[in-house]
S.K.: 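One structure, as structure tokens, below. Some questions next.
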Amino acid sequence: MAKNEYNASSITVLEGLEPVRRRPGMYIGDTDVRGLHHMVWEIVDNAVDEAANGYADKIDVTIHLDGSLTVTDNGRGMPVDIHPGTQVPGIELIFTKLHAGGKFDGKSYSYAGGLHGVGASVVNALSRWLVAESIRDGKRYRIEFESPEDEEGNVRSGVLKRKLRVVGRDVPGHGSSVTFMPDDRVFNTIHFDFNTIQNKLRELAFLNAGLTITFRDERKTDGENAFVYSYKNGLIDYMKFFHQGKKVLYEEPILIAGESDGIRLTAAIQHTDGYSETILSYVNNIRTTEGGTHETGFKTALTKVFNAAAREIGVLKDKDDNYIGEDLREGITVILLGKMKEAQFEGQTKTKLGNISVRTAVETIVTDQLGRYTQNRSNQAVVKAALEKAKAARGVREATKKANDLARQKNSLEVTALVGKFAASIGRDFSKNEMFIVEGDSAGGSAKQGRDRNFQAILPLRGKPVNSEKRRLEALLANEEIRSIITALGTGVGRDFNIANLRYDKVIILADADQDGAHIRALLLTFFYRYMKELILEGHVYIGMPPLYRVERKSDGKVWFAYDDAECEKVTAQFEKSSAYTISRYKGLGEMNPELLWETTMNPAHRTLIRVGIEDAAEAENMVTVLMGDDAARRQDYIFAHADFNKVDNFAKKVRV
Ligand code: 1YM
């Protein structure tokens, strides 16, 4: 396609918007908060594409008081000329016709040119109304859509309300803008979440060096309500941001870039003095939480290159074995950004790159470029620091292997933990068994009394589990809370983890709905994520939801339980104005007696459980990185920015089961 010549006939016209209303999930994933925000990402994506193609360098996102949202860019402006086949302006087609491909049907889509703008019609279909503007050739054009309902209640989705017209002349510059109001007849909630959007926009700014993204929230009345994200040095800036408050082994992150077999790769690498390994990978600006072929190719090359360097420098002698990948990746953070056509996403959450050829392509690029880096004399100090870290990691690995082998012979993990506090279930049908990990002894006591012992086991946590972020697995095993969990689950841990030995189908974390509880949840999820990932991937981990409010109607003593503020409002809204009621807020699990805990939180017939997905775990990990890092000032910032943490728990976004 010619770069700056738009030709409206190049749009593939497929069908109208009815299918989108009929099955929204197919197009945006779900109709909860996640799907709602997908609407924003679709429009932002189009603006980012325009920037990635070199036509725009500014994007503005604004949440308005009425709950609608605007995205603006300074690109070429959406095409307004008439499409010869249909006699309809290009901009109208963009919003009214469903185009080929979609992100949720597992099919491919392209990053440059080809399917540009496919999501815009989906957003229109799922909006109450949408207004799009294009500034081109000194004129401002506007077109408006709506989704009206007839007498029988049938909705026509995203139909034209006012056709394309010129609303301004002698307008300087060029660009596009889209404002939409998500449809509350489609979504369970239409409230845009400030933090979700802020984090995503910041991430996009990191991934697209030189792009300036401004975010405004007109609903915010106190403090700052406009934020500007702009990073000249892209992934390098991202790495520095990610490593704030951590001790790094060398100041400047390693940056490599290259192209092979249709994939463009940029990667930043930096080691810290910590023990965990973090790989933040992206394909076409989409986070690949579950990894995939690009990560595999990267790891293979990294191991190869650093081992070669170790031999060259003499850190490894002829008689020595190579370092294993894990030695070389201890304390590492890698940010990988791939750009390619026809990316294939697989896995539970469609966040795993599947294209087979990418593995070798990435391996080639990294072997080549990282090899060049390590061979450059001026980088010797960096290479040596990384190799020294690997050497220490290997030392500990070999020493603890010996100790572990001994311990395993004595079966010591079995006997030492679990004395007294663990209450096992009677039933032996593992597929029905549940284990509650309960915050605090007093809540643990209530849970023990309230449970159905036929299938429910209780593990009370006395203190906080240690932070998996700051310790090697070997050291974690010294922590009583962690050992109890491992022993009770029966699976082993880390490299020895075997899901076939799992004794409980559901592992339910039950913590208070306050900051401490959130902390404990994050610590546990981080531990599972790092050392028992399959447990999360296969959907065995849940968050239990104790009610936040108890509402009692005075007239007849009838009682309702509400699990969040919105639900509480819903309950009270159904009462007549005159009827009196009392609301009490539970301060913690410890306040509930065994019967109440059973009825509201543990009884499968009435309770609400949230299944943890890999994204929550990754989110928890990020949170732990910030909250548990060594930098107190940054922690303060974070807590301040998430001051509503208590109420808007990130996990509450999940689908309830
Ligand atoms: C606020 C969201 O959508 N910007 C945007 C979209 C397009 C263009 C420019 C554009 C693309 C092309 C030619 C091209 C779109 N064009 C299309 C389609 N911002 C936002 N900015 N001229 C302008 O790809 O050739 C879809 S989106 F289909 F017409 F090409």
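Computed from a predicted model, the values in this text were never measured in an experiment. Ligands are counted one by one from 1 in listed order, and the atoms in each one are counted from 1 as well.
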S.K.: For G158, does its backbone N or O pair with a side-chain atom of S147 as donor and acceptor, under 3.5 Å?
M.R.: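 Checking the backbone N and O of G158 against the side chain of S147, a donor-acceptor pair under 3.5 Å is found.
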S.K.: Indicate, as side chain, backbone, both or neither, the part of I94 found under 4.0 angstrom from ligand 1 when only non-hydrogen atoms are considered.
M.R.: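 The part of I94 near ligand 1 is the side chain, not the backbone.
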S.K.: Give the atoms of ligand 1, by number and element, whose distance to some non-hydrogen atom of I43 is under 4.0 Å.
M.R.: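 So the atoms of ligand 1 that pass are 1 (C), 2 (C).
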S.K.: Less than 4.5 Å apart, side chain to side chain, heavy atoms only: is that true for I236 and Y231?
M.R.: no
S.K.: Assess G77 for proximity to ligand 1: is some non-hydrogen atom of it under 4.0 Å away?
M.R.: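 In this structure, G77 qualifies as a contact of ligand 1 - some heavy atom is under 4.0 Å.
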S.K.: Closer than 4.0 Å to some heavy atom of N46 - which atoms of ligand 1 meet that?
M.R.: 3 (O), 20 (C)
S.K.: Side chains of N285 and K339, heavy atoms from C-beta outward: is any pair under 4.5 Å?
M.R.: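 With C-beta onward as the side chain, the pair touches.
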S.K.: Mark the output for P79 as yes if a heavy-atom distance to ligand 1 is under 4.0 Å, and as no if none is.
M.R.: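 It does, in that a heavy atom of P79 comes within the 4.0 Å cut-off of ligand 1.
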S.K.: Return the minimal non-hydrogen interatomic distance between M78 and A132, and the atom names on each side.
M.R.: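 That would be CE-CB, 4.2 Å.
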S.K.: Does the N or O separation between T72 and ligand 1 drop below 3.5 Å for any pair?
M.R.: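 The answer is no, given that T72 and ligand 1 share no N or O pair closer than 3.5 Å.
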S.K.: Does atom NZ of K352 have more than 12 heavy-atom neighbours, drawn from other residues, nucleotides or ligands, at distances under 6.0 Å?
M.R.: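 It does not: K352 NZ has 12 such atoms or fewer within range.
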S.K.: Are F145 and K161 packed together at the side-chain level, in the sense that at least one heavy-atom pair is separated by less than 4.5 angstrom?
M.R.: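 They are not in contact (no side-chain heavy atoms under 4.5 Å apart), so the answer is no.
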S.K.: Just go through M78, R76, E133 and tell me whose heavy atom is the nearest to atom 13 (C) of ligand 1.
M.R.: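 When every heavy atom of M78, R76, E133 is considered, R76 comes closest to atom 13 (C) of ligand 1.
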